[in-house]
Amino acid sequence: MTKAADKNLIVGLDIGTSKVCALVAEILPDGKVNVLGVGNSASKGMDKGGVNDLESVVKSVHRAIEEAEFMADCQISSVLLSLSGKHIRCQTEKGMVPISDKEVTTEDVENVIHTAKSVKITNEHRVLHVIPQEYAIDYQEGIKNPVGLSGVRMEASVHLITCHNDMARNIEKAVERCGLEVDQLIYSGLAASQAVLTSDERELGVCLVDIGGGTMDLAIWTGGALRHTEVIPYAGNVVTSDIAYAFGTPPGDAEEIKVKYGCALSELINKDEKIDVPSVGGRPSRSLQKQTLAEVIEPRYSELLGLVHQKITETQEQLREDGIKHQLAAGIVLTGGSAQIEGLIECAERVFRNQVRIGYPVEVSGLSDYVQSPNFATAVGLLQYGKDNHVEDEDPISTRPGKGKNKNGFFSRFTGWLKNEF
């Protein structure tokens, strides 16, 4: 058995409203993420990104972690953890510093970012991410990397993502109850962006929408920079609920019907197609037209996407007022478990009047057949985030069997342009 210390290993844990996913991967010499272990379990005790039953969440996490450990033949001790929920907030701040020795150094960049992020936020919130957007030196604006350039003073614009202390602490507590450490909390929409967006899309302007069971995570990018993040507390579960009420079928069966037969555009359905719909209370199942199911699903998906469209319009208006390039020339990218329904692209293009694609995780190897699916976007993105923004410092995995944890390396210091507050 290969020792974990001999590999550059990283673990991502995505605790969603519908499922819990744990991924174990190694970072290959060429920088690619090689997935070694996958763990999945139904998520219990979560609602719209928040914990409402701690014990149930602990059990769900434990099952997913055990499965990932068994597949990767290792023992997990720490994870990168995703976070969502309507408590997520964002704001853009600016900072300015004089340039030492008339040439920008790395220390100057750190100083200007520190100045920009030193804004007071409410006591109930804490900073998740400090993400530089662009720099300006004297009269030159729109600089991506200022190091080495000459000037007198430098200004930085940064995107701050914050979360509610208690909401974050509750999900951390569930993970810690499984005997795991949380190396970093990462906004789910940012993680999904890492997994499915290309650099060209970020530059041209794109909106990433991660549609889960309980929330839709938004990340709007223009000019290569993250401009807006938001969580809408409605998603795929409201569609399931509509099906359950419309056809008088149990929620579990309604979810299965949605996944198996659902379509977000009724005109794509053959009118003669029929499906069996289970009943409640021991009553016999009924046969219904598949088009009738689509007629229930389509308006709800249109409504959900309409909420996203409204947020995009508001953000573009704000960017326009700030004099920032606001076009979404690369369109909309939909990902997440609830983005896999038939007809969604056509439905979304009608709502957004823009090009739409479904986002699949890219640049992964190993168990790629397992994870190259929209419902793994956030989990894969956690691995990509860890690869891009940390360096080896303490290993999250110790080899099995063995009682001690290996201290040879996990990622705790930051490199690159995404920085953690703490």
Side-chain angles (χ1 to χ4, degrees), residues 88-122 125-163 184 186-187 189-190 193-194 197-206 219-230 315-330 384-391 393 411-422:
I88 299 289
R89 299 282 185 270
C90 77
Q91 59 196 79
T92 298
E93 301 293 338
K94 294 182 182 294
M96 184 181 294
V97 297
I99 297 172
S100 60
D101 299 327
K102 296 185 179 179
E103 185 175 292
V104 178
T105 64
T106 303
E107 186 177 355
D108 290 326
V109 174
E110 291 174 351
N111 288 339
V112 76
I113 291 174
H114 180 76
T115 302
K117 73 179 184 180
S118 298
V119 62
K120 184 174 177 58
I121 60 174
T122 62
H125 272 238
R126 61 166 143 162
V127 175
L128 272 181
H129 304 285
V130 181
I131 306 173
Q133 295 175 327
E134 57 254 328
Y135 302 88
I137 297 176
D138 297 337
Y139 299 104
Q140 184 180 356
E141 299 178 342
I143 298 171
K144 299 291 179 68
N145 181 8
V147 175
L149 299 180
S150 298
V152 177
R153 65 178 185 177
M154 176 170 58
E155 183 180 73
S157 175
V158 303
H159 186 75
L160 302 182
I161 303 178
T162 67
C163 66
Q184 188 182 349
I186 299 164
Y187 168 53
L190 180 58
S193 294
Q194 292 280 103
L197 296 183
T198 68
S199 58
D200 287 339
E201 286 175 324
R202 292 188 182 106
E203 188 64 39
L204 289 170
V206 66
I220 297 176
W221 301 76
T222 67
L226 183 59
R227 305 293 178 180
H228 182 75
T229 49
E230 188 164 348
T315 301
Q316 288 183 309
E317 182 60 35
Q318 184 61 55
L319 292 175
R320 188 180 295 112
E321 291 176 4
D322 295 339
I324 298 170
K325 186 188 299 184
H326 60 274
Q327 289 86 358
L328 298 185
Q384 301 280 15
Y385 183 98
K387 178 199 74 172
D388 292 343
N389 301 286
H390 300 73
V391 292
D393 186 58
F411 312 92
S412 69
R413 288 189 299 112
F414 305 103
T415 59
W417 57 277
L418 290 173
K419 290 179 180 286
N420 185 271
E421 171 69 3
F422 313 112

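Quick note: numbers below take in every heavy atom, side chains included, and nothing from hydrogens, waters or symmetry partners.
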Which residues share a side-chain hydrogen bond (donor to acceptor under 3.5 Å, both in side chains) with Gln140, sequence neighbours left out: none
Tell me which donor-acceptor pairs under 3.5 Å the side chains of residues 149-162 have, and how far apart each pair is, sequence neighbours excluded?
from, atom 1, to, atom 2, distance (Å)
Ser157, OG, Gln133, OE1, 2.7
His159, NE2, Thr229, OG1, 3.3
Thr162, OG1, His125, ND1, 3.2

Is Ile143 close to Pro146 at the side-chain level, that is, under 4.5 Å between some pair of heavy atoms? yes
Check whether the side chains of Gln384 and Asp388 place a donor and an acceptor atom closer than 3.5 Å, and report yes or no. no
Applying salt bridge (charged side-chain N to carboxylate O under 4.0 Å, His left out) to Glu107 and not counting sequence neighbours gives none
Is a donor on one side and an acceptor on the other found under 3.5 Å between the side chain of Asp108 and the backbone of Thr105? yes
As a test of understanding, state which of Gln327, Arg227, Lys325 forms a side-chain hydrogen bond (donor to acceptor under 3.5 Å, both in side chains) with Thr222. Arg227
Find the distance between CG (Leu190) and CG (Leu128) and round it off to the nearest 0.5 Å. 9.5 Å
Could you tell me the separation between the CD atom of Glu134 and the CG atom of Asn145, rounded to the nearest 0.5 Å? 13.5 Å
Just jot down the side-chain hydrogen bond (donor to acceptor under 3.5 Å, both in side chains) partners of Glu230, sequence neighbours excluded, or say none. His228, Lys311
Can you give the donor-acceptor pairs under 3.5 Å from side chains of residues 90-99 to other protein atoms, not counting sequence neighbours?
from, atom 1, to, atom 2, distance (Å)
Gln91, NE2, Glu93, OE2, 2.9

Measure across Val206 and Ala330 and return the closest heavy-atom pair with its distance rounded to 0.1 Å. CB-CB, 4.1 Å
Stepwise side-chain contact (heavy atoms from CB on, under 4.5 Å) test for Gln316 and Leu328: CA-CA 9 Å; Gln316 288 183 309; Leu328 298 185; 3.7 Å; yes
Partners of Glu203 by salt bridge (charged side-chain N to carboxylate O under 4.0 Å, His left out), sequence neighbours excluded? Lys144
Taking every non-hydrogen atom, the tightest pair across Ala219 and Leu226: CB-CD1, 3.9 Å
Main-chain N/O of Ser193 paired with Arg202 side-chain donor or acceptor, under 3.5 Å: yes
Can you tell me how far the OG1 atom of Thr198 sits from the CD atom of Glu201, to the nearest 0.5 Å? 3.5 Å
Going by atom types only, do Tyr135 and Glu141 share a side-chain donor-acceptor pair under 3.5 Å? no
Atom pair NZ (Lys387) and CD (Gln194), whose distance is rounded to the nearest 0.5 Å: 8.5 Å
